[in-house]
Student: 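Take this structure, written in structure tokens, and hold onto it; I'll ask about it next.
As the structure lists them, so they are numbered: ligands from 1, and atoms in each ligand from 1. This structure is a prediction, so every number in the text was calculated from the model and none was measured.
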Amino acid sequence: MQFPNQLFIDGRSCGASDNKTLPIINPATEEVLVEVAAASERDVEAAVSGAQRTFEGSWRDYTPGRRAEVMFQIARVLREHAEELSQLESVAIGKPISDARDEVAMGARTFEYYAGAISKFYGQTIPVARGGFDFTLRQPMGVVAAIVPWNFPFPIATWKVAPALAAGNCVVLKPARQSPLSALRLGELAARAGLPDGCLQVLAGSGEEMGDALVKHPLIRKISFTGSTAVGSHIMQVASRDIKRVSLELGGKSPNIIFADADLEKAASTSPMSVFANTGQDCCARSRVFVERSVYEKFVELFVQATRKVVIGDPAKAETQIGPLVSAQQREVVETFLPTAKTPHLKVLCGGDRPARKGCYLNPAVVVGCETSDRIWREEVFGPVACVRAFDREEEMLAEVNASPYGLSGSLWTKDLNRALRVSRRVESGVLSVNCHNSVHLEAPFGGFKQSGLGRDLGMAAMEGYTELKNIYIAE
Ligand code: NAD
């Protein structure tokens with residue numbers, strides 16, 4: 001397999017200005033796949049100023065129809081290279097190939113959705129008191145920095161790049177240090193599809209080393225960030241100096257609420273993958289399971305049975321459901337959450353141990369006995385660990401759900417429509433799914449309440465977030 005290993009600036013691949021590189025390690029084999037150029041501050045300068053030149057020189061003045069045509073072409077070229085992109089995604093982070101294929105397909109659809117959105121995105125005419133003619137325009141911002149994490153590298157990059165380009169901006173995309181391969185290839189393929197040079201620059205490298213240079217750059221008008229709450233908070237502070245626009249998609253600790261009248265078999269059989277998919281490295285992982293006491297024992301039994309059936313293994317095999325964690329270091333972090341002799345009230349019903357195979361694997365763990373003060377119950381683990389707890393009263397359960405500083409996602413299982421509506425309104429989260437675990441639809445807004453973020457990805461809400469709203473008044 002050929003790995004992209006250079007930065008992508010002004011329509012061509014190039015090395016880092018100081019010749020620095022970072023290794024990309026396959027977590028399934030722990031072998032180095034390739035050394036990739038790591039951008040420096042000088043490369044940030046080149047990428048941002050090149051993007052600004054393209055913004056002013058051409059892209060912002062493309063007619064909507066011409067912009068849409070380019071974006072449809074990008075979707076087509078991504079589809080032609082879908083298998084290659086899926087393989088790159090799978091080997092860099094140990095993602096099961098079947099998941100990678102679905103995510104790359106979603107990335108192509110995201111370009112199509114926003115290509116189509118360009119002609120359906122308009123302002124208003126407003127009947128102001130003075131008469132005359134008042135109307136609004138949605139104008140592009142300029143150069144946007146898109147900073148993305150390693151857990152869903154390709155789709156999250158497209159969730160930011162596609163609406164930003166569709167709205168007429170240019171983009172500097174910074175993938176995570178661990179997972180730059182699919183982003184670098186996206187830059188090359190978009191250029192091949194006809195995107196003008198400089199519209200999409202891709203800078204691989206470490207966020208700690210060049211992230212601040214990107215966020216602080218005076219020509220960056222908006223930072224669209226997905227990642228941890230700690231880094232999001234830092235970016236918000238840095239951005240505040242110049243009142244830069246920010247959108248932040250951050251961490252989560254989402255609930256999965258099972259009422260006694262739920263379809264218990266369905267809830268229990270689908271719930272393991274609502275937390276263990278992507279090896280639990282999912283901001284939406286339903287890692288706190290709340291079960292009404294009268295069905296608690298039965299649910300736990302079914303949940304553990306279903307967890308034991310999850311197929312863990314080689315990410316390259318189509319039947320694999322769970323691959324390794326992204327790195328040996330990430331596995332060690334996850335293990336610090338697991339019960340020890342110092343937490344005797346916590347009980348591991350299955351998993352939590354390392355399978356006897358090479359690679360950064362961890363068997364999915366089901367833990368019971370959690371108290372509100374336990375770290376495993378309160379903090380984002382970002383690994384294959386589910387905590388299950390019984391509740392007696394709806395009010396008490398809701399208080400515990402909403403006590404989390406996070407508010408990203410969640411599921412709710414009941415056959416009572418009134419209760420579904422009542423509880424859905426009360427749960428403090430940006431998205432919620434009832435009687436299923438699907439909460440990400442590219443046509444609908446996605447994002448968090450509280451410390452899970454600010455602003456929205458996906459849907460038309462994302463496109464609005466890449467524009468400034470201008471009001472123009474013409475006197476009679
Ligand atoms: P991270 O915050 O460590 O890194 C995210 C990105 O920020 C990476 O590209 C990194 O290089 C960059 N970065 C790091 N320091 C920076 C700095 N000072 N300036 C600029 N950029 C910097 O997160 P991660 O470990 O890659 O991803 C895991 C986290 O992402 C989890 O908390 C998860 O919940 C969250 N996440 C949220 C969503 C969502 O939509 N809400 C989706 C996926 C992941």
Side-chain angles (χ1 to χ4, degrees), residues 22 24 36 38-39 41 44 92-93 95 103 145-160 172-184 202-217 220 223-239 244 246-254 275 277-287 325-327 329-330 333-334 379-383 404-410 429-431 439-442 444-459 461-462:
L22 281 170
I24 306 302
V36 172
E41 279 193 43
V44 169
I93 60 159
K95 188 182 284 287
E103 290 167 22
I147 304 178
V148 301
W150 48 261
N151 59 342
F152 295 98
F154 190 74
I156 293 180
T158 65
W159 297 359
K160 297 183 184 308
V172 178
L173 169 63
K174 199 211 90 55
R177 179 179 56 72
Q178 299 87 335
S179 56
L181 304 181
S182 58
L184 292 166
V202 189
L203 296 179
S206 141
E208 294 78 31
E209 283 179 26
M210 53 89 162
D212 276 1
L214 181 59
V215 174
K216 278 182 188 154
H217 197 291
I220 292 288
I223 300 113
S224 176
F225 172 81
T226 298
S228 60
T229 297
V231 175
S233 163
H234 171 74
I235 285 177
M236 200 170 173
Q237 282 176 41
V238 176
K244 289 196 162 110
V246 288
S247 64
L248 305 169
E249 300 288 348
L250 309 175
K253 188 76 183 174
S254 298
V275 50
N278 215 43
T279 325
Q281 304 161 127
D282 180 353
C283 53
C284 288
R286 275 75 165 162
S287 53
L325 286 139
V326 70
S327 63
Q329 190 197 8
Q330 181 69 11
V333 170
V334 171
E379 296 178 19
E380 183 179 47
V381 175
F382 227 54
S404 171
Y406 295 115
L408 186 57
S409 183
S429 71
V431 291
S439 49
V440 181
H441 308 273
L442 75 86
F446 174 76
F449 281 20
K450 303 191 284 187
Q451 290 183 30
S452 285
L454 188 72
R456 293 291 178 268
D457 272 343
L458 299 177

Student: Taking 4.0 angstrom as the limit and counting only heavy atoms of F225, give me the atoms of ligand 1 inside it, by number and element.
Tutor: 2 (O), 5 (C), 6 (C), 7 (O)
Student: Please verify whether a non-hydrogen atom of W150 lies at under 4.0 Å from ligand 1.
Tutor: yes
Student: Considering non-hydrogen atoms of the protein only, which is the closest contact for atom 22 (C) of ligand 1, and what is the distance?
Tutor: G207 CA, 3.6 Å
Student: Has Q451 got a side-chain atom pairing as donor or acceptor with S233's backbone, closer than 3.5 angstrom?
Tutor: no
Student: For A213, which residues count as a side-chain contact (heavy atoms from CB on, under 4.5 Å) partner, sequence neighbours excluded?
Tutor: E41, V44
Student: So is there a nitrogen or oxygen of S228 less than 3.5 Å from a nitrogen or oxygen in ligand 1?
Tutor: yes
Student: Where is the tightest heavy-atom contact between A239 and I223, given as atom of each residue plus distance?
Tutor: CB-CD1, 3.8 Å
Student: Among all protein non-hydrogen atoms, which one is nearest to atom 28 (C) of ligand 1, and what is the separation to 0.1 Å?
Tutor: F382 CE2, 3.5 Å
Student: Pull out every atom of ligand 1 sitting under 4.0 Å from any heavy atom of D212, numbered as shown with elements.
Tutor: 18 (N), 19 (N)
Student: Judging by distance only, is a nitrogen or oxygen of K174 under 3.5 angstrom from one on ligand 1?
Tutor: yes
Student: Does any N or O of ligand 1 fall below 3.5 Å from an N or O anywhere on I235, backbone included?
Tutor: no
Student: Does the side chain of E208 pick up a donor-acceptor pair with the side chain of S206 at under 3.5 Å?
Tutor: yes
Student: Considering only protein heavy atoms, determine whether one is less than 4.0 Å from atom 4 (O) of ligand 1.
Tutor: no
Student: Determine whether the side chains of K160 and S224 contain a donor N or O and an acceptor N or O closer than 3.5 Å.
Tutor: yes
Student: Any nitrogen or oxygen of L250, side chain or backbone, less than 3.5 Å from one on ligand 1?
Tutor: yes
Student: Do any nitrogen or oxygen atoms of V148 come within less than 3.5 Å of a nitrogen or oxygen of ligand 1?
Tutor: yes
Student: As an exercise, identify every atom of ligand 1 less than 4.0 angstrom from a heavy atom of H234.
Tutor: 18 (N)
Student: Heavy-atom contacts under 4.0 Å between V231 and ligand 1: side chain, backbone, both, or neither?
Tutor: side chain
Student: Which residue and atom name correspond to the protein heavy atom nearest atom 36 (N) of ligand 1, and how close is it?
Tutor: C283 CB, 3.6 Å
Student: Would you mind checking which non-hydrogen protein atom is closest to atom 35 (C) of ligand 1, with the distance to 0.1 Å?
Tutor: G227 O, 3.1 Å
Student: Tell me the closest heavy-atom pair linking R286 and S439, and the distance in Å.
Tutor: NH2-OG, 3.2 Å
Student: I need the contact type for T229 against ligand 1. Using non-hydrogen atoms and a strict under-4.0 Å cut-off, is it side chain, backbone, both or neither?
Tutor: neither
Student: Can you sort out which atoms of ligand 1 are near F446, meaning under 4.0 Å from one of its heavy atoms?
Tutor: 40 (O)
Student: Which of the numbered atoms in ligand 1 are below 4.0 angstrom from a heavy atom of N151?
Tutor: 43 (C), 44 (C)
Student: Quick check: does R177 get an N/O under 3.5 Å from an N/O on ligand 1?
Tutor: no
Student: Run the contact test for V238 against ligand 1 with a 4.0 Å cut-off on heavy atoms, strictly below, and give the result.
Tutor: no
Student: Can you name the closest pair of heavy atoms from D457 and E249 and give their distance?
Tutor: N-OE2, 3.1 Å
Student: Can you tell me the protein heavy atom closest to atom 20 (C) of ligand 1 and the distance?
Tutor: G211 CA, 3.3 Å
Student: Give the numbers and elements of all ligand 1 atoms closer than 4.0 Å to a heavy atom of I147.
Tutor: 6 (C), 7 (O), 9 (O), 12 (C), 20 (C), 21 (N)
Student: Is the shortest N/O to N/O distance between E380 and ligand 1 below 3.5 Å?
Tutor: yes
Student: Heavy-atom distances under 4.0 Å decide this one: backbone, side chain, both or neither, for Q281 against ligand 1?
Tutor: neither
Student: Identify the closest protein heavy atom to atom 27 (O) of ligand 1: which residue and atom is it, and at what distance?
Tutor: P149 CB, 3.4 Å
Student: With atoms numbered from 1 as shown, which atoms in ligand 1 lie under 4.0 angstrom from a non-hydrogen atom of P175?
Tutor: 9 (O)
Student: Going by the order shown, which atoms of ligand 1 are within less than 4.0 Å of some heavy atom of A176?
Tutor: 8 (C), 9 (O)
